[in-house]
Amino acid sequence: MPELPEVETVVRSIRPHITGKTILDADLRWARTLAQPSPKKFKEQVKGQKIKNVTRRAKYIDIHLTDFHLYIHLRMSGDVQIRDMGAQKEKHDRLILTLSQKKLLAFNDTRKFGRVWLTNDPQSVLGKLGPEPLEKEFTAEWLYNALQKKKRQLKPLLLDQTFLAGLGNIYTDEALHLAKLHPAAASDSVNRKQAQALKEAIVKILSEGIKRNGASIDWVYRGGEYQNHFRVYGRDGEACMVCGTIIEKFYVGQRGTHVCPKCQR
DNA sequence: AGGGAAACCCGAACGC
DNA sequence: TGCGTTCGGGTTTCCC
C-alpha cells in the first residue's frame with residue numbers, strides 16, 4: 001500500500017523515462033478515477049502537453065506539464081507504470097496516457113481508490129496539506145509547538161495530512177515505536193524531549209523506507225523490502241526487538257495499531 | 001474541536 | 001473443495 005516512501009520510489013523510477021515526452025492521447029478507463037475536471041475536458045486539455053518534470057508532494061505524484069499539473073494519488077492499491085506502445089492492457093488500468101517515442105504511462109489501481117487531477121492551480125489540490133516531513137521546515141521545535149496546540153491522540157493526529165503531510169498507518173506505528181511514544185497519548189502531553197525523539201524517528205523511518213524502496217505489502221510491483229524490517233507493524237504476538245515483550249494490536253481511531261506495551265507508555 | 005462511523009473498492013485470508 | 005464473511009488501507013464526509 002503506497003505510503004510516502006512508495007510514492008517516492010514510483011516518482012524516482014518514472015521520472016527519467018517520461019520527462020521530455022509529449023502526451024499524445026488519454027484513455028480514461030474508469031471515470032471516477034478522475035477527481036477533476038470532467039473526462040471530456042481532461043482529454044482535451046492533456047493532449048499535446050509536454051512533461052517537464054515529475055516530483056512529489058506528500059503522497060501526491062506531481063507531473064509538471066506545459067500548462068498544467070497532473071496529480072496522481074495512489075491511495076491504497078495504485079501504481080504508475082511505463083510500458084511500450086502496444087503492450088497488453090491490464091485488468092485494473094484506470095488511465096493510460098500515450099506518450100511520444102512509443103511509450104505508455106499507465107495508472108493501474110485494483111481497488112479504484114486512487115484519484116487523478118488536472119489543474120493549473122496547485123493550491124486547489126495541495127492547499128490544505130501540512131508540512132513535508134523530509135523538508136527543513138519540519139523541525140522538533142515546530143512539532144513540539146504544533147502538538148501543544150492540539151488535544152488529540154498522537155496517532156490520528158500524525159495521520160492527519162493537514163497536520164503533517166506524508167505519514168500513513170505503517171510508518172506511523174513504526175515511528176511511534178522508535179520514539180517510545182504511545183499512539184493514544186494526548187498530543188499536548190508530549191514534552192520537548194519526546195517531540196525531538198518523535199521528529200527524529202519520523203525522519204529516520206521514512207528515510208529508511210525510501211532507501212529500501214518501500215514496504216510493498218500487497219503492492220508487489222516495485223519489490224520494496226522494507227516490510228522485512230518492521231519493528232511493530234504486523235508483528236502482533238511476536239517479540240519486541242528492543243525488550244522482548246509481546247507486541248499487541250488494537251484500534252486507535254479505526255486504524256489497526258501495533259504497540260510494544262513496555263516500550264511505549 | 002475532536003471523535004466515531006460510514007463510504008469508497010477489491011482480493012486475500014479466514015471460517016466452516 | 002467451495003462458499004460466505006471479514007479485513008485492511010488513505011481519505012473525505014457526515015454526524016454527535
Side-chain angles (χ1 to χ4, degrees), chain A residues 1-11 28-36 56-62 71-80 90-95 107-117 124-130 132-133 145-176 182-190 202 205-206 209 214-222 224 226-227 230 232-237 247-259:
Chain A
M1 55 289 295
E3 295 197 17
L4 185 148
E6 288 75 12
V7 176
E8 179 69 24
T9 301
V10 170
V11 167
L28 192 58
R29 308 181 72 81
W30 197 60
R32 293 182 66 168
T33 292
L34 201 52
Q36 193 186 309
R56 174 189 67 71
R57 169 72 170 110
K59 299 174 207 166
Y60 292 79
I61 296 170
D62 181 355
Y71 293 104
I72 302 179
H73 198 300
L74 303 176
R75 293 280 180 97
M76 312 294 308
S77 56
D79 195 11
V80 176
E90 292 184 19
K91 188 175 175 191
H92 303 295
D93 288 341
R94 307 299 174 203
L95 172 67
F107 171 45
N108 183 282
D109 182 17
T110 310
R111 296 180 200 178
K112 297 181 177 172
F113 277 8
R115 291 292 179 268
V116 169
W117 296 255
S124 68
V125 178
L126 309 177
K128 291 179 180 167
L129 292 173
E132 194 62 39
N145 289 323
L147 291 173
Q148 293 304 307
K149 283 184 213 151
K150 299 281 183 179
K151 292 187 190 336
R152 292 179 63 182
Q153 296 180 115
L154 222 35
K155 178 168 170 175
L157 184 56
L158 292 173
L159 285 172
D160 183 342
Q161 304 295 300
T162 66
F163 179 79
L164 180 65
L167 280 178
N169 198 44
I170 297 175
Y171 292 94
T172 302
D173 278 6
E174 295 296 297
L176 285 170
H182 194 281
S187 59
D188 58 351
S189 73
V190 172
I202 289 169
I205 291 293
L206 289 176
S216 80
I217 296 299
D218 57 3
W219 183 73
V220 201
Y221 169 67
R222 305 281 164 180
Y226 187 64
Q227 56 182 304
F230 289 153
V232 285
Y233 186 83
R235 295 191 62 244
D236 40 310
I247 305 291
E248 293 174 0
K249 178 180 179 184
F250 48 89
Y251 286 81
V252 179
Q254 304 181 86
R255 306 306 301 277
T257 298
H258 309 76
V259 150

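Atom set for the values below is all heavy atoms of this structure, side chains included, hydrogens, waters and symmetry mates excluded. Just so we're on the same page: letters track the sequence lines, and every chain starts at 1.
Set against B:dC9, B:dA6, C:dT12, the side chain of A:R75 has C:dT12 as its closest nucleotide. Comparing atom distances between the A:R111 side chain and each of B:dA5, C:dT12, B:dC9 picks out B:dC9 as nearest. Residue A:H73 has its side chain nearest to C:dT11 when only C:dT11, B:dC9, B:dG2 are considered.
Within a heavy-atom distance below 4.0 Å of DNA chain B, the residues of residues 151-166 of chain A found are A:K151, A:R152, A:Q153.
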Under 3.5 Å donor-acceptor pairs involving side-chain atoms of residues 146-154 of chain A, not counting sequence neighbours:
unit_1, atom_1, unit_2, atom_2, d
A:Q148, NE2, A:V190, O, 2.9
A:R152, NH1, A:D160, OD2, 3.0

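As a whole-Å value, the separation of A:Y251 OH from C:dC7 P is 7 Å. As a whole-Å value, the separation of A:L126 CG from C:dT12 P is 11 Å. Distance A:N169 CG to C:dT11 P: 11 Å, rounded to the nearest Å. Rounded to a whole Å, the CH2 atom of A:W30 is 10 Å from the P atom of B:dC8. Between the P atom of B:dA1 and the CG atom of A:D188 lies a distance of 15 Å, rounded to the nearest Å. Taking atom CD on A:E90 and atom P on B:dG11, their separation rounds to 14 Å, with Å as the unit. Atom-to-atom, NE2 of A:H258 to P of C:dC7 comes out at 14 Å; the value is rounded to the nearest Å. Rounded to a whole Å, the CZ atom of A:F107 is 13 Å from the P atom of B:dC9.
Side chain of A:D173 to backbone of A:I170: no donor-acceptor contact under 3.5 angstrom is found. Proximity of a side-chain donor or acceptor of A:E248 to a complementary backbone N or O of A:V259 within less than 3.5 Å is not detected. Judged by distance alone, the side chain of A:R56 and the main-chain N or O of A:A58 form a donor-acceptor pair under 3.5 Å. A distance-only check finds a donor-acceptor pair linking the side chain of A:Q161 to the backbone of A:L167 [under 3.5 Å]. Between the side chain of A:E174 and the backbone N or O of A:Y233, at least one donor-acceptor pair lies under 3.5 Å. The backbone N or O of A:T110 lies less than 3.5 Å from a partner atom in the side chain of A:R94, making a donor-acceptor pair.
Here A:H92 reaches the OP1 or OP2 of B:dG11: one of its side-chain N or O atoms lies under 4.0 Å away. Taking only side-chain nitrogens and oxygens, A:K91 comes nearer than 4.0 Å to OP1 or OP2 of B:dG11. Look at A:K112 and you'll find a side-chain N or O under 4.0 angstrom from OP1 or OP2 of B:dC10.
Pairing each heavy atom of A:V80 with each of A:I72, the nearest pair is CG2-CD1, 4.1 Å.
By the side chain to side chain contact (heavy atoms under 4.5 Å, CB included) test, A:Q36 is found to be paired with A:W117, A:T119, A:S124, residues two or more places apart in sequence or in another chain being considered. With sequence neighbours excluded, the residues that form a side chain to side chain contact (heavy atoms under 4.5 Å, CB included) with A:K249 are A:D236, A:Y251, A:H258.
Here A:R32 lies in heavy-atom contact (under 4.0 Å) with sugar-phosphate atoms only.
For the atom pair OH of A:Y171 and CG of A:L4, the computed distance is 8.5 Å after rounding to the nearest 0.5 Å.
From one end of the helix from B:dG2-C:dC16 to B:dC16-C:dG2 to the other, with five pairs defining each end axis, the axis direction shifts by 60° (rounded to 10°).
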If you restrict it to nitrogen or oxygen atoms, what contacts under 3.5 Å exist between nucleotides 13-16 of chain C and the protein, and what is each distance?
none

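Between A:R75 and A:D109 there is no side-chain heavy-atom pair separated by less than 4.5 Å.
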